[in-house]
Amino acid sequence: MSLPHAILTALVEKPSSGLELTRRFDRSIGYFWSATHQQIYRELGKLEAEGLIRALPGRQPARGQKKSYEVLPAGRAELSCWTATPQDPKPLRDTMLLRLRAAAVVGTAGVEADLRRHLELHERQLAEYEEIERRDFPPGRDSAEDRLRHLVLRAGIDLETFWTQWLAHALAEFAELPGDEPA
């Protein structure tokens, strides 16, 4: 049920249209909770039907005019309740780790090249997060909202740091493997 809560969070921060939400997901929330344009619009309809958000009245009634949405008190209450409810961490499900386990019994063909590709992707993501940190969180930005948003970004930085270090270690292990035979 987290996509509705991600949308409620974004709308509490700033009333937005579906297109604006999609762009905001691409620039920030999407780094840790992705959603397609269609998913966002579908969820907006559900949230509106449930009385958690409403479309803001348009300045001029026009067909095809984009609707902006705001969170209603019931939506804020739902978000507060969800935030306060304990949740267990989700188990890690990573295809690369499963592929490495399978490579132990069927051979490693193609895996090393993909490890290198993953390393490059994680290095790029890490650089992007670090740039966001430099740009959006200069020294002195320490309101409660900024500190919590920065904490979320730090999680992304720390996860990407973990993956880049782990992938470098995995590639070093690959360099020492005796061949392409199953174990």
Side-chain angles (χ1 to χ4, degrees), residues 1-99 117-118 121-122 124-137 141-163:
M1 177 128 170
S2 294
L3 178 57
H5 296 102
I7 291 172
L8 286 171
T9 299
L11 290 175
V12 167
E13 291 174 342
K14 179 182 176 193
S16 305
S17 69
L19 181 59
E20 291 165 336
L21 279 173
T22 299
R23 289 179 180 149
R24 288 173 61 204
F25 264 74
D26 289 344
R27 287 191 324 262
S28 61
I29 295 171
Y31 290 126
F32 58 89
W33 197 270
S34 62
T36 66
H37 189 73
Q38 294 84 2
Q39 289 172 316
I40 289 171
Y41 274 95
R42 188 170 40 248
E43 213 50 61
L44 285 170
K46 290 178 187 176
L47 291 169
E48 189 173 26
E50 293 170 7
L52 302 178
I53 65 172
R54 73 175 179 135
L56 294 169
R59 290 187 257 290
Q60 302 170 343
R63 184 168 167 80
Q65 178 183 12
K66 68 179 182 179
K67 290 195 262 185
S68 286
Y69 295 89
E70 70 177 352
V71 176
L72 295 170
R76 188 177 277 275
E78 167 58 30
L79 188 58
S80 293
C81 181
W82 178 76
T83 302
T85 302
Q87 294 184 9
D88 292 337
K90 300 290 182 213
L92 176 63
R93 290 178 56 165
D94 188 275
T95 306
M96 178 56 77
L97 297 176
L98 183 57
R99 289 175 59 214
R117 187 178 69 82
H118 277 238
L121 292 170
H122 284 286
R124 275 198 304 256
Q125 190 65 67
L126 177 58
E128 187 173 343
Y129 286 168
E130 289 172 337
E131 177 54 33
I132 292 169
E133 183 178 45
R134 280 188 291 282
R135 181 190 70 220
D136 293 349
F137 297 100
R141 278 193 74 177
D142 60 356
S143 69
E145 292 93 355
D146 285 336
R147 292 176 74 176
L148 292 174
R149 287 182 184 121
H150 191 199
L151 191 59
V152 172
L153 178 61
R154 282 301 322 169
I157 290 170
D158 292 347
L159 284 169
E160 294 302 329
T161 299
F162 161 77
W163 282 114

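Residue numbers start at 1 and run along the sequence shown.
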Peer 1: Is the side chain of Tyr41 donor-acceptor paired with the backbone N or O of Leu19 at a distance under 3.5 Å, no angle test?
Peer 2: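 Yes: the side chain of Tyr41 pairs with the backbone of Leu19.
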
Peer 1: Rounded to the nearest 0.5 Å, how far does NZ of Lys90 lie from CG of Asp88?
Peer 2: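 Between atom CG of Asp88 and atom NZ of Lys90 there are 7.5 Å.
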
Peer 1: Between Asp142 and Asp146, does the side-chain contact (heavy atoms from CB on, under 4.5 Å) criterion hold? Intermediate values first, please.
Peer 2: CA-CA 6 Å; Asp142 60 356; Asp146 285 336; over 6 Å; no

Peer 1: Between atom OG1 of Thr9 and atom CH2 of Trp33, what is the distance when rounded to the nearest 0.5 Å?
Peer 2: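 Interatomic distance, Thr9 OG1 to Trp33 CH2, rounded to 0.5 Å: 11.5 Å.
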
Peer 1: Do you know which two heavy atoms are closest between His37 and Thr22, and how far apart they sit?
Peer 2: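 For His37 and Thr22, the tightest heavy-atom pair comes out as ND1-OG1, 3.0 Å.
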
Peer 1: Between Arg54 and Leu72, is there a donor-acceptor pair closer than 3.5 Å when you use the side chain of the first and the backbone of the second?
Peer 2: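 Absent.
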
Peer 1: Only counting residues at least two apart or in another chain, list the ones meeting salt bridge (charged side-chain N to carboxylate O under 4.0 Å, His left out) with Arg99.
Peer 2: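 Asp114.
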
Peer 1: Hey, could you give me the OH/CG distance between Tyr129 and Asp158, rounded to the nearest 0.5 Å?
Peer 2: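 So the gap between those two atoms works out to 11.5 Å.
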
Peer 1: Quick one: side-chain contact (heavy atoms from CB on, under 4.5 Å) partners of Ala35, sequence neighbours excluded?
Peer 2: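 Leu3, Phe25, Gln39, Ile40.
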
Peer 1: Of all the heavy-atom pairs spanning Trp82 and Ser2, show the shortest one and how long it is.
Peer 2: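 Heavy atoms only, the tightest pair is CZ2-OG, 3.7 Å.
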
Peer 1: Identify, with sequence neighbours excluded, every residue that meets salt bridge (charged side-chain N to carboxylate O under 4.0 Å, His left out) alongside Arg42.
Peer 2: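 Arg42 satisfies salt bridge (charged side-chain N to carboxylate O under 4.0 Å, His left out) with no other residue.
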
Peer 1: More than 12 heavy atoms of other residues, nucleotides or ligands under 6.0 Å from CZ of Arg154: yes or no?
Peer 2: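 Above 12, so yes.
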
Peer 1: For the atom pair NZ (Lys46) and CG (Leu52), what is the distance rounded to the nearest 0.5 Å?
Peer 2: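 Answer rounded to 0.5 Å: 12.5 Å.
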
Peer 1: How close do Ser68 and Ser17 get, counting heavy atoms only, and between which atoms?
Peer 2: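 Between these two residues, the closest heavy atoms are OG-N, 3.7 Å.
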
Peer 1: Run the side-chain contact (heavy atoms from CB on, under 4.5 Å) test against Arg135 and tell me which residues pass, sequence neighbours left out.
Peer 2: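 Once residues adjacent in sequence are excluded, the partners of Arg135 under the side-chain contact (heavy atoms from CB on, under 4.5 Å) criterion are Glu131, Ile132.
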
Peer 1: Would you please name every residue forming a side-chain contact (heavy atoms from CB on, under 4.5 Å) with Glu145, sequence neighbours left out?
Peer 2: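 side-chain contact (heavy atoms from CB on, under 4.5 Å) list for Glu145, sorted by chain: Ser143, Arg149.
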
Peer 1: At what distance, to the nearest 0.5 angstrom, does CD of Gln125 lie from CG of Leu159?
Peer 2: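 That separation rounds to 10.5 Å.
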
Peer 1: Which heavy-atom pair separates Leu56 from Glu70 by the least distance, and what is that distance?
Peer 2: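 Where Leu56 meets Glu70 most closely, the heavy atoms are CD2-CD, 3.2 Å.
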
Peer 1: Taking side-chain contact (heavy atoms from CB on, under 4.5 Å) as the definition, give me every residue that meets it alongside Ser16, ordered by chain and number, with sequence neighbours left out.
Peer 2: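 Scan of Ser16 (side-chain contact (heavy atoms from CB on, under 4.5 Å), adjacent residues dropped) gives Leu11, Lys14, Glu20, Leu21, Arg24.
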
Peer 1: Distance check, rounded to the nearest 0.5 Å: His150 atom NE2 versus Asp136 atom CG?
Peer 2: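 If we round to the nearest 0.5 Å, His150:NE2 and Asp136:CG are 9.5 Å apart.
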
Peer 1: Show the nearest heavy-atom pair for residues Leu79 and Leu8, with the distance to one decimal.
Peer 2: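 Distance-wise, the nearest heavy atoms are CD2-C, 4.0 Å.
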
Peer 1: So which heavy atom on Ile7 is nearest to which on Glu43, and how close?
Peer 2: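 Taking every non-hydrogen atom into account, CD1-CB, 3.5 Å.
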
